[in-house]
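This report concerns only the one structure given below.
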Amino acid sequence: MRIILGLTILLVLGAAFVHIASDVPFGKPAVTDMDDYFIANGQEQTGANNIVTGVLFDYRGLDTLIEATVLFTAVLGVSVMFRKLKEGEQYEND
Amino acid sequence: MNGGSVIIAHAPLFAVAVIFLLGLSILFFKRNLIKILMGITLIEAAINLFLVSTGYRMDAIAPIFTNAPEGAVMALPTVQALTLTSIVIGVASSAMMLSFVMLIYRHYKTTNVNRIRGMKG
Amino acid sequence: MRMTKVVRTVADLLYPFCMIFGLYVVAHGHLTPGGGFQGGAVIATATALLIAAHRYDDVSARVKSARMKVFESVGLLGFLILGFSAIILGQPAFRNWMLSRGSLFNDSVAFGVNPGALTTGGLMPLMNLAVGLEVLGALTIITLYMLSGTKEDPS
(Lines give C-alpha, C1' and ligand atoms only; values in the text may rest on other atoms or scores of the structure.)
Protein backbone atom coordinates (compact mmCIF):
# COMPACT_ATOMS: atom_id res chain seq x y z
CA MET A 1 0.00 0.00 0.00
CA ARG A 2 2.72 2.45 1.03
CA ILE A 3 4.77 1.56 -2.01
CA ILE A 4 1.85 2.16 -4.36
CA LEU A 5 1.05 5.48 -2.70
CA GLY A 6 4.69 6.58 -2.90
CA LEU A 7 5.02 5.55 -6.53
CA THR A 8 1.82 7.42 -7.41
CA ILE A 9 3.07 10.60 -5.74
CA LEU A 10 6.42 10.26 -7.48
CA LEU A 11 4.81 9.72 -10.88
CA VAL A 12 2.49 12.71 -10.51
CA LEU A 13 5.33 14.92 -9.32
CA GLY A 14 7.60 13.68 -12.09
CA ALA A 15 5.01 14.39 -14.77
CA ALA A 16 4.50 17.88 -13.36
CA PHE A 17 8.25 18.52 -13.25
CA VAL A 18 8.77 17.33 -16.82
CA HIS A 19 5.88 19.49 -18.01
CA ILE A 20 7.24 22.57 -16.26
CA ALA A 21 10.86 21.91 -17.23
CA SER A 22 10.02 21.60 -20.92
CA ASP A 23 8.01 24.81 -20.71
CA VAL A 24 10.27 27.22 -18.82
CA PRO A 25 12.74 28.99 -21.13
CA PHE A 26 16.26 28.11 -20.10
CA GLY A 27 19.03 30.63 -20.68
CA LYS A 28 16.69 33.61 -20.97
CA PRO A 29 15.87 34.94 -17.49
CA ALA A 30 12.80 37.15 -17.56
CA VAL A 31 13.63 40.03 -15.19
CA THR A 32 17.29 41.04 -14.95
CA ASP A 33 17.13 44.69 -13.87
CA MET A 34 18.82 44.25 -10.49
CA ASP A 35 21.57 41.98 -11.79
CA ASP A 36 22.26 44.28 -14.73
CA TYR A 37 22.66 47.12 -12.24
CA PHE A 38 25.04 45.03 -10.14
CA ILE A 39 27.13 44.09 -13.18
CA ALA A 40 27.26 47.66 -14.44
CA ASN A 41 28.01 49.38 -11.11
CA GLY A 42 29.28 46.66 -8.82
CA GLN A 43 32.94 47.08 -9.62
CA GLU A 44 32.78 50.80 -9.03
CA GLN A 45 30.74 50.66 -5.83
CA THR A 46 32.22 47.64 -4.07
CA GLY A 47 35.74 47.63 -5.48
CA ALA A 48 35.76 43.89 -6.24
CA ASN A 49 36.42 42.45 -9.67
CA ASN A 50 34.39 39.43 -8.68
CA ILE A 51 30.79 40.63 -8.74
CA VAL A 52 29.62 37.61 -6.74
CA THR A 53 31.92 38.65 -3.90
CA GLY A 54 30.63 42.18 -4.26
CA VAL A 55 27.04 41.03 -3.90
CA LEU A 56 27.92 38.66 -1.08
CA PHE A 57 29.88 41.09 1.08
CA ASP A 58 28.48 44.47 0.16
CA TYR A 59 24.97 44.56 -1.28
CA ARG A 60 23.82 41.55 0.73
CA GLY A 61 26.34 41.71 3.55
CA LEU A 62 23.74 41.25 6.27
CA ASP A 63 22.66 37.95 4.67
CA THR A 64 26.23 36.73 4.79
CA LEU A 65 26.59 37.79 8.41
CA ILE A 66 23.51 35.81 9.41
CA GLU A 67 24.75 32.86 7.38
CA ALA A 68 28.08 32.90 9.19
CA THR A 69 26.15 33.04 12.45
CA VAL A 70 24.14 29.99 11.41
CA LEU A 71 27.37 28.08 10.74
CA PHE A 72 28.76 29.20 14.11
CA THR A 73 25.61 28.03 15.88
CA ALA A 74 25.69 24.66 14.13
CA VAL A 75 29.28 24.12 15.25
CA LEU A 76 28.25 25.12 18.77
CA GLY A 77 25.52 22.46 18.69
CA VAL A 78 27.86 19.78 17.35
CA SER A 79 30.50 20.50 19.96
CA VAL A 80 27.90 20.39 22.73
CA MET A 81 26.73 17.00 21.49
CA PHE A 82 30.24 15.57 21.28
CA ARG A 83 31.72 17.13 24.40
CA LYS A 84 34.10 15.09 26.52
CA LEU A 85 32.45 13.42 29.49
CA LYS A 86 33.70 14.13 32.98
CA GLU A 87 35.09 11.36 35.17
CA GLY A 88 32.38 8.87 35.94
CA GLU A 89 29.72 10.80 34.02
CA GLN A 90 27.36 8.72 31.91
CA TYR A 91 25.36 9.68 28.90
CA GLU A 92 21.86 10.43 29.98
CA ASN A 93 19.46 7.47 29.73
CA ASP A 94 22.18 5.01 28.85
CA MET B 1 10.86 21.26 -31.42
CA ASN B 2 10.76 17.51 -31.03
CA GLY B 3 11.32 15.77 -27.71
CA GLY B 4 15.05 15.26 -27.99
CA SER B 5 15.95 18.86 -28.65
CA VAL B 6 13.70 20.01 -25.80
CA ILE B 7 15.61 17.75 -23.42
CA ILE B 8 18.95 18.99 -24.74
CA ALA B 9 17.92 22.66 -24.55
CA HIS B 10 16.56 22.30 -21.00
CA ALA B 11 19.03 19.74 -19.71
CA PRO B 12 19.75 21.41 -16.33
CA LEU B 13 16.06 21.64 -15.49
CA PHE B 14 15.54 17.97 -16.32
CA ALA B 15 18.59 17.13 -14.21
CA VAL B 16 16.98 19.08 -11.35
CA ALA B 17 13.78 17.05 -11.76
CA VAL B 18 15.65 13.72 -11.81
CA ILE B 19 17.82 14.52 -8.78
CA PHE B 20 14.86 15.85 -6.81
CA LEU B 21 12.76 12.78 -7.54
CA LEU B 22 15.64 10.48 -6.59
CA GLY B 23 15.96 12.24 -3.24
CA LEU B 24 12.22 12.10 -2.69
CA SER B 25 12.04 8.40 -3.50
CA ILE B 26 14.82 7.73 -0.99
CA LEU B 27 12.77 9.62 1.61
CA PHE B 28 9.71 7.52 0.77
CA PHE B 29 11.16 4.04 0.56
CA LYS B 30 14.22 3.87 2.79
CA ARG B 31 14.16 3.22 6.51
CA ASN B 32 17.79 3.91 7.40
CA LEU B 33 18.47 7.30 8.93
CA ILE B 34 21.79 7.72 7.11
CA LYS B 35 20.10 7.02 3.80
CA ILE B 36 17.32 9.46 4.62
CA LEU B 37 20.01 12.08 5.25
CA MET B 38 21.49 11.27 1.86
CA GLY B 39 18.06 11.86 0.32
CA ILE B 40 17.75 15.22 2.03
CA THR B 41 21.21 16.18 0.75
CA LEU B 42 20.22 15.14 -2.79
CA ILE B 43 17.15 17.37 -2.62
CA GLU B 44 19.40 20.19 -1.42
CA ALA B 45 21.69 19.64 -4.39
CA ALA B 46 18.70 19.75 -6.75
CA ILE B 47 17.53 23.05 -5.27
CA ASN B 48 21.02 24.54 -5.61
CA LEU B 49 21.27 23.42 -9.23
CA PHE B 50 17.86 24.92 -9.94
CA LEU B 51 18.85 28.24 -8.36
CA VAL B 52 22.03 28.46 -10.42
CA SER B 53 20.32 27.45 -13.63
CA THR B 54 17.69 30.19 -13.26
CA GLY B 55 20.44 32.78 -13.43
CA TYR B 56 22.12 31.55 -16.58
CA ARG B 57 22.09 33.54 -19.79
CA MET B 58 22.91 31.93 -23.12
CA ASP B 59 26.67 32.03 -23.86
CA ALA B 60 27.34 33.98 -20.67
CA ILE B 61 30.56 33.97 -18.65
CA ALA B 62 30.93 34.08 -14.88
CA PRO B 63 30.46 37.61 -13.49
CA ILE B 64 34.16 38.22 -12.88
CA PHE B 65 36.03 41.04 -14.57
CA THR B 66 39.55 39.69 -14.07
CA ASN B 67 40.95 38.87 -17.53
CA ALA B 68 37.45 38.51 -18.95
CA PRO B 69 36.95 38.63 -22.73
CA GLU B 70 35.81 42.07 -23.94
CA GLY B 71 32.10 42.61 -24.29
CA ALA B 72 30.98 39.18 -23.12
CA VAL B 73 27.55 38.67 -21.57
CA MET B 74 27.69 37.90 -17.84
CA ALA B 75 25.50 35.51 -15.89
CA LEU B 76 23.35 36.91 -13.08
CA PRO B 77 25.41 37.29 -9.89
CA THR B 78 22.68 37.47 -7.25
CA VAL B 79 21.46 33.89 -7.58
CA GLN B 80 25.03 32.68 -7.39
CA ALA B 81 25.61 34.56 -4.14
CA LEU B 82 22.37 33.20 -2.70
CA THR B 83 23.31 29.68 -3.78
CA LEU B 84 26.56 30.07 -1.86
CA THR B 85 24.52 31.01 1.22
CA SER B 86 22.29 28.01 0.66
CA ILE B 87 25.24 25.62 0.34
CA VAL B 88 26.82 26.81 3.59
CA ILE B 89 23.55 26.52 5.48
CA GLY B 90 23.10 23.04 3.97
CA VAL B 91 26.50 22.02 5.31
CA ALA B 92 25.61 23.35 8.76
CA SER B 93 22.25 21.59 8.86
CA SER B 94 23.60 18.28 7.60
CA ALA B 95 26.35 18.40 10.23
CA MET B 96 23.68 18.88 12.89
CA MET B 97 21.57 16.05 11.50
CA LEU B 98 24.52 13.66 11.32
CA SER B 99 25.37 14.42 14.94
CA PHE B 100 21.80 13.62 15.91
CA VAL B 101 22.03 10.34 14.03
CA MET B 102 25.24 9.48 15.86
CA LEU B 103 23.59 10.20 19.20
CA ILE B 104 20.55 8.13 18.22
CA TYR B 105 22.78 5.25 17.23
CA ARG B 106 24.66 5.47 20.51
CA HIS B 107 21.39 5.30 22.41
CA TYR B 108 19.32 2.77 20.44
CA LYS B 109 22.14 0.77 18.74
CA THR B 110 20.28 1.01 15.42
CA THR B 111 19.54 3.56 12.70
CA ASN B 112 16.37 1.92 11.44
CA VAL B 113 13.47 4.27 12.04
CA ASN B 114 11.04 1.39 12.53
CA ARG B 115 12.99 0.18 15.55
CA ILE B 116 13.47 3.63 17.07
CA ARG B 117 10.07 3.55 18.67
CA GLY B 118 8.84 4.35 22.10
CA MET B 119 10.64 5.84 25.04
CA LYS B 120 13.35 3.32 25.68
CA GLY B 121 15.63 3.80 28.65
CA MET C 1 43.11 3.39 11.33
CA ARG C 2 46.67 3.88 10.27
CA MET C 3 47.86 3.65 6.70
CA THR C 4 51.26 2.52 5.49
CA LYS C 5 54.33 4.70 5.75
CA VAL C 6 54.12 5.75 2.07
CA VAL C 7 50.58 7.07 2.43
CA ARG C 8 51.45 8.86 5.66
CA THR C 9 54.50 10.57 4.15
CA VAL C 10 52.60 11.72 1.07
CA ALA C 11 49.77 13.04 3.21
CA ASP C 12 52.28 14.98 5.32
CA LEU C 13 53.81 16.36 2.13
CA LEU C 14 50.46 17.40 0.66
CA TYR C 15 49.17 18.99 3.86
CA PRO C 16 50.98 22.36 3.48
CA PHE C 17 50.09 22.52 -0.21
CA CYS C 18 46.40 22.08 0.64
CA MET C 19 46.66 24.93 3.14
CA ILE C 20 48.54 27.18 0.72
CA PHE C 21 45.98 26.58 -2.00
CA GLY C 22 43.16 27.36 0.42
CA LEU C 23 44.88 30.56 1.51
CA TYR C 24 45.35 31.51 -2.15
CA VAL C 25 41.64 31.03 -2.81
CA VAL C 26 40.82 33.14 0.27
CA ALA C 27 43.26 35.93 -0.54
CA HIS C 28 42.17 36.24 -4.18
CA GLY C 29 38.48 36.14 -3.34
CA HIS C 30 37.81 39.59 -4.77
CA LEU C 31 39.61 38.86 -8.06
CA THR C 32 39.08 35.26 -9.09
CA PRO C 33 36.41 32.63 -8.46
CA GLY C 34 36.46 31.66 -4.81
CA GLY C 35 36.32 33.55 -1.58
CA GLY C 36 36.20 33.03 2.13
CA PHE C 37 33.77 30.15 2.26
CA GLN C 38 35.37 28.10 -0.49
CA GLY C 39 38.93 28.69 0.68
CA GLY C 40 38.04 27.85 4.27
CA ALA C 41 36.48 24.60 3.10
CA VAL C 42 39.66 23.75 1.16
CA ILE C 43 41.80 24.34 4.25
CA ALA C 44 39.48 22.20 6.36
CA THR C 45 39.88 19.40 3.81
CA ALA C 46 43.60 19.23 4.68
CA THR C 47 42.67 18.03 8.17
CA ALA C 48 40.42 15.36 6.71
CA LEU C 49 43.37 14.22 4.59
CA LEU C 50 45.52 13.90 7.70
CA ILE C 51 42.86 11.90 9.53
CA ALA C 52 42.47 9.59 6.53
CA ALA C 53 46.18 8.78 6.62
CA HIS C 54 47.06 8.88 10.32
CA ARG C 55 45.56 7.64 13.52
CA TYR C 56 42.88 9.92 14.92
CA ASP C 57 44.67 10.55 18.21
CA ASP C 58 47.84 11.70 16.46
CA VAL C 59 45.90 14.19 14.36
CA SER C 60 43.82 15.56 17.21
CA ALA C 61 47.05 16.19 19.11
CA ARG C 62 48.40 18.08 16.09
CA VAL C 63 45.26 20.02 15.12
CA LYS C 64 43.91 21.35 18.39
CA SER C 65 40.18 21.88 18.41
CA ALA C 66 40.52 24.60 21.05
CA ARG C 67 42.69 26.58 18.62
CA MET C 68 40.12 26.06 15.88
CA LYS C 69 37.43 27.42 18.19
CA VAL C 70 39.55 30.53 18.67
CA PHE C 71 39.92 30.87 14.87
CA GLU C 72 36.19 30.54 14.39
CA SER C 73 35.27 33.07 17.06
CA VAL C 74 37.90 35.57 15.91
CA GLY C 75 36.70 35.23 12.31
CA LEU C 76 33.06 35.83 13.13
CA LEU C 77 33.89 38.72 15.46
CA GLY C 78 36.15 40.28 12.85
CA PHE C 79 33.47 39.98 10.20
CA LEU C 80 30.96 41.59 12.54
CA ILE C 81 33.31 44.47 13.36
CA LEU C 82 34.26 45.01 9.71
CA GLY C 83 30.65 44.94 8.62
CA PHE C 84 29.38 47.40 11.19
CA SER C 85 32.46 49.64 11.20
CA ALA C 86 30.76 51.64 8.46
CA ILE C 87 27.95 52.57 10.85
CA ILE C 88 30.48 54.12 13.26
CA LEU C 89 31.72 56.28 10.40
CA GLY C 90 28.18 57.40 9.65
CA GLN C 91 27.64 55.32 6.55
CA PRO C 92 25.24 52.46 5.74
CA ALA C 93 26.17 49.07 7.16
CA PHE C 94 28.50 46.95 5.01
CA ARG C 95 29.46 49.91 2.84
CA ASN C 96 33.00 49.64 1.51
CA TRP C 97 34.29 52.80 3.16
CA MET C 98 37.93 51.78 2.78
CA LEU C 99 37.77 52.08 -0.98
CA SER C 100 40.08 54.79 -2.39
CA ARG C 101 40.94 55.98 1.09
CA GLY C 102 44.68 55.37 1.12
CA SER C 103 45.65 52.42 3.28
CA LEU C 104 46.51 48.76 2.75
CA PHE C 105 43.98 47.66 0.17
CA ASN C 106 43.00 50.92 -1.38
CA ASP C 107 44.70 51.17 -4.75
CA SER C 108 42.11 52.51 -7.13
CA VAL C 109 40.35 49.81 -9.11
CA ALA C 110 40.51 49.81 -12.89
CA PHE C 111 36.95 49.63 -14.14
CA GLY C 112 35.94 47.22 -16.80
CA VAL C 113 38.04 44.25 -17.84
CA ASN C 114 41.44 44.33 -16.12
CA PRO C 115 44.14 41.87 -15.05
CA GLY C 116 43.41 42.52 -11.39
CA ALA C 117 45.74 43.58 -8.60
CA LEU C 118 45.80 42.07 -5.13
CA THR C 119 46.01 45.43 -3.40
CA THR C 120 42.60 46.68 -4.52
CA GLY C 121 39.23 46.12 -3.01
CA GLY C 122 39.12 48.04 0.27
CA LEU C 123 37.23 46.01 2.86
CA MET C 124 36.61 43.02 0.56
CA PRO C 125 39.89 41.12 1.14
CA LEU C 126 39.69 41.71 4.88
CA MET C 127 36.12 40.39 5.01
CA ASN C 128 37.16 37.39 2.91
CA LEU C 129 39.97 36.71 5.34
CA ALA C 130 37.64 36.95 8.34
CA VAL C 131 35.07 34.64 6.79
CA GLY C 132 37.82 32.26 5.68
CA LEU C 133 39.10 32.03 9.26
CA GLU C 134 35.60 31.38 10.52
CA VAL C 135 34.80 28.67 7.98
CA LEU C 136 38.14 26.91 8.39
CA GLY C 137 37.64 26.76 12.15
CA ALA C 138 34.03 25.63 11.86
CA LEU C 139 34.56 22.89 9.30
CA THR C 140 37.71 21.60 11.03
CA ILE C 141 35.82 21.33 14.32
CA ILE C 142 32.98 19.50 12.58
CA THR C 143 35.44 17.10 10.91
CA LEU C 144 37.30 16.42 14.15
CA TYR C 145 34.17 15.81 16.20
CA MET C 146 32.43 13.72 13.55
CA LEU C 147 35.45 11.45 13.09
CA SER C 148 36.12 11.16 16.83
CA GLY C 149 33.91 8.08 16.91
CA THR C 150 35.97 6.06 14.44
CA LYS C 151 37.03 2.64 15.63
CA GLU C 152 40.79 2.24 16.01
CA ASP C 153 42.56 -0.95 15.04
CA PRO C 154 44.51 -2.37 17.99
CA SER C 155 47.76 -2.54 16.04
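Quick note on labels: first sequence line is chain A, next is B, and so on, each numbered from 1.
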Give me the atom names and distance for the closest heavy-atom approach of A:Glu67 to B:Leu84. OE2-O, 3.7 Å

So for B:Leu82, is it side chain, backbone, both, or neither that comes closer than 4.5 Å to the heavy atoms of chain A? side chain

Pick from A:Gly42, A:Ser22, A:Pro25 with the largest number of heavy-atom pairs that fall under 4.5 Å of chain B: A:Ser22

B:Thr66 versus A:Asn50: any side-chain heavy-atom pair under 4.5 Å? no

Check B:Phe14 against A:Val18 and note the closest heavy-atom contact, atom names and distance. CE2-CG1, 3.8 Å

Any side-chain heavy atom of B:Ile64 sitting closer than 4.5 Å to one from A:Ile51? no

Steps toward side chain to side chain donor-acceptor pair (under 3.5 Å) verdict (A:Asp63, B:Thr85): CA-CA 8 Å; A:Asp63 273 2; B:Thr85 309; 5.8 Å; no

Parallel, tilted or perpendicular: rings of B:Phe20 and A:Phe17 (30°, 60°): perpendicular

Do the side chains of B:Asp59 and A:Lys28 get close enough for a salt bridge, i.e. N-O under 4.0 angstrom? no

Give a yes or no on whether B:Arg31 atom CZ has more than 12 heavy-atom contacts from other residues, nucleotides or ligands under 6.0 Å away. yes

May I ask you to test the B:Leu76-A:Met34 pair for a side-chain heavy-atom distance under 4.5 Å? no

Distance, nearest 0.5 Å, that separates CD of B:Gln80 from OG1 of A:Thr53: 10.5 Å

Name the option with the most non-hydrogen atom pairs under 4.5 Å to chain B; the candidates are A:Ile20, A:Leu13, A:Val24. A:Val24

What's the shortest heavy-atom distance between B:Ser99 and A:Phe82, and which atoms? CB-CE1, 3.5 Å

Within the distance-only criterion (no hydrogens, no angle test), does the side chain of A:Asp35 pair as donor or acceptor with the backbone N or O of B:Thr78 below 3.5 angstrom? yes

What part of B:Ala75 gets closer than 4.5 Å to chain A, counting heavy atoms only: side chain, backbone, both or neither? backbone

Between A:Arg2 and B:Phe28, is there a donor-acceptor pair closer than 3.5 Å when you use the side chain of the first and the backbone of the second? yes

State whether the number of non-hydrogen atoms from other residues, nucleotides or ligands found under 6.0 Å of B:Met38 atom CE is greater than 12. no

Mind checking the CG-CG spacing from B:Leu21 to A:Leu11? Nearest 0.5 Å is all I need. 9.0 Å

Above 12 or not: heavy atoms from other molecules or residues under 6.0 Å from CZ of B:Phe50? no

Is there any residue in residues 68-77 of chain A with a non-hydrogen atom under 4.5 Å from a non-hydrogen atom of chain B, and which ones are they? A:Val70, A:Leu71, A:Ala74, A:Gly77

Would you mind telling me which of B:Pro12, B:Ala95, B:Ala62, B:Ala60 has the largest number of heavy-atom pairs within less than 4.5 Å of chain A? B:Pro12

Does any part of the side chain of B:Phe29, heavy atoms only, come nearer than 4.5 Å to the side chain of A:Leu7, both counted from C-beta? yes

For the residue pair A:Met81 and B:Met96, establish whether any side-chain heavy-atom pair is separated by less than 4.5 Å. yes

